[in-house]
Amino acid sequence: MKILNLSFHAVLCSLALAAGRAQTTPVATLPHLEKRGASTQLIVDGKPYLALAGETDNTASSSLEYMDTAWPKLVKMNLNTVLVGIGWDWVEPEEGRYDFILVDGLLAGARKSNLHLIFLWFGSWKNGLSSFVPDWVKADQQRFPRALLKNGKSVEVLTTLSEANLQADTRAYTAFMRHLREMDSGQRTVVMIQLQNEVGLIGDSRDRSAAAEAAFARPVPPELLDYLQKNRVTLWPDLRTLWEAAGAKTAGTWQEVFGASPATDEIFMAWSYARYLEHMTKAGKAEYPLPVFTNTWLVQPQDQGPGDYPSGCPEPLTIDIWKAGAPTIDFNAPDVHLRNFSDWAGRFHRPNNPLFVPESYGDAGGAANAFFGIGQHAAIGYSPFGVNNADRWGEHRPGSNSPASTEIENLPLARAYALLAQMTPLILEAQAKGTIAAAWLNTQFPKQDIPLGNYVVNVDLQRNRRNPVPALGYAIVISVGPDEYFVAGHDVQVTFTPNTPGPEIAGLARVEAGRFVKGQWIPGRRMNGDDVVLEYDQAGAAAKNQSGSGLIFGADGPTVQHVKLYRYR
Ligand code: DGJ
């Protein structure tokens with residue numbers, strides 16, 4: 001696979017480093033993001049990388065002894081990447097005394113299991129709260145001031161508007177990044193960093209501390225106003241509407257520019273968090289320039305306004321504010337703990353924001369999400385939350401999509417990851433070429449028509465079986481020639497409709513089931529007869545310009561098939 005612009009990237013990075021700190025490993029070989037054709041991909045060891053990931057519980061990584069029990073489960077889930085937390089209080093127990101024994105143990109454990117890591121820096125904020133800051137920070141409220149709520153109460157939340165808070169977290173974070181450079185730039189186990197976790201103020205739409213009130217009364221910074229003007233056409237529509245409804249002003253206070261509403265408070269908070277994290281990101285990258293992202297708590301249907309969800313988090317309304325305020329952060333990622341995954345994936349996959357999903361479901365719905373994110377939105381990767389508990393995911397829970405099985409390797413997501421791992425070279429190439437798409441189906445959305453290559457690929461929930469129509473189906477479709485596709489799917493049936501001039505009906509010339517080994521397609525069974533016939537009503541099918549045959553993917557998947565089509569009338 002050709003890696004575009006690598007040498008240019010290498011030169012740029014070497015120059016950047018020469019201006020910065022000494023480093024033994026050339027930066028071009030470090031994990032980085034790269035625009036490759038239609039998508040932005042994570043490059044690890046010089047090659048595009050697809051993160052088939054999982055995130056552990058918040059504190060699993062605070063005990064190496066516990067992690068010894070978890071690593072084998074993570075391997076059985078077919079992960080190649082694990083997201084693990086590092087609490088500020090775990091590594092700086094006394095001010096200025098750092099202890100990275102946990103970090104080293106996690107690196108060793110991951111390497112032994114042949115896994116990559118993404119560290120989550122639980123610093124000033126974890127789910128909006130400042131619970132992972134060291135006790136010497138917690139106990140000194142004078143020096144490390146907190147946010148104040150409308151009711152006059154302070155909460156266990158550091159204010160964004162304190163230089164002492166910012167400097168203390170930055171010192172610890174840069175020490176951590178320096179340590180990673182020293183310990184890992186040779187082996188490159190760590191591929192990205194998540195900075196903080198789900199930031200934003202809970203309990204009020206904005207911080208009411210004296211510093212925050214003063215900042216809120218000041219003019220909106222010119223950098224943000226410039227961004228709004230330069231990106232007016234592509235701004236998130238709700239943000240643009242707010243700004244334009246207030247007169248699209250190019251100067252003024254927050255309320256003058258965006259109007260007086262809780263949304264303006266949220267925009268102000270977003271700017272404030274973004275500037276704090278931008279400072280930290282820059283300082284961390286000066287030590288060790290790994291890709292950095294933030295994760296976002298999504299607005300829930302029952303939320304009345306900012307403060308019910310963390311005000312200032314990079315949600316769709318404020319993602320442009322984050323882009324303007326924190327340009328060094330590589331992307332903002334959604335934690336999708338809601339079932340309408342396809343909507344959220346689309347909202348976060350934007351021209352200036354590649355999709356990566358650090359938290360979501362691990363059940364059968366998670367398998368569908370992984371397929372959809374990676375196939376339809378060129379995701380860098382997918383990661384269910386609480387993957388260290390995968391051995392319990394098979395237990396039957398009411399409402400769960402998981403089968404009652406305790407075999408980790410048979411869980412829907414483990415099977416989906418196994419197939420995605422086989423198909424990774426093809427998927428990454430297709431993401432760059434823009435020749436990949438995906439379907440995410442349920443009983444509400446049982447059908448999707450995907451224009452791809454010379455055909456519209458019609459994906460339906462599988463109907464060709466005696467059981468009731470399945471609750472869930474998913475597929476990835478990759479166009480590999482004018483009349484040729486690879487389709488990987490679960491509980492779906494797939495037909496093709498010509499999308500270019502010529503004969504109207506697509507017939508199956510040849511269909512193979514099979515597998516990929518080291519990137520090579522190894523055909524297995526030739527699929528025909530009952531494997532492909534969807535209906536024998538030939539007159540009815542022909543009247544719809546259909547052959548009556550298609551690809552059928554059962555409930556035992558996901559599996560992959562290779563199809564060559566021909567056309568007739
Ligand atoms: C979202 C947070 O980001 C995670 O750290 C964890 O607390 C989960 N919620 C719990 O569901």
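Both counts, for ligands and for their atoms, begin at 1 and track the order of listing. Atom set for the values below is all heavy atoms of this structure, side chains included, hydrogens, waters and symmetry mates excluded.
Taking the salt bridge (Lys or Arg N to Asp or Glu O under 4.0 Å) definition, one finds that K73 meets it with D391, sequence neighbours left out.
W243 does not carry R240 over the face of its six-membered ring by the limits of under 6.0 Å from the centre and within 45° of the normal. Because its NZ or CZ atom is both nearer than 6.0 Å to the ring centre of Y361 and within 45° of the ring axis, R339 counts as a cation-pi partner of that residue.
Here the rule is ring-ring contact (aromatic ring centres under 6.0 Å, His included) with F176, and of W90, Y98, F119 only F119 fits it. In summary, of the residues considered (F258, Y273, F216), a ring-ring contact (aromatic ring centres under 6.0 Å, His included) with F268 occurs for F216 alone.
In terms of protein heavy atoms, atom 6 (C) of ligand 1 is closest to F385 CZ, 3.4 Å.
Residue D335 approaches ligand 1 through these ligand atoms, each under 4.0 Å from one of its heavy atoms: 3 (O). Atoms of ligand 1 found under 4.0 Å from any heavy atom of E359, numbered from 1 in the order shown, are 1 (C), 2 (C), 3 (O), 4 (C), 5 (O), 8 (C), 9 (N). Residue E198 approaches ligand 1 through these ligand atoms, each under 4.0 Å from one of its heavy atoms: 1 (C), 2 (C), 3 (O). Below 4.0 Å from some heavy atom of N58 lie the following atoms of ligand 1, by number and element: 4 (C), 5 (O), 6 (C), 7 (O). Every atom of ligand 1 with a heavy atom of N197 under 4.0 Å away is listed here by number and element: 2 (C), 3 (O), 5 (O).
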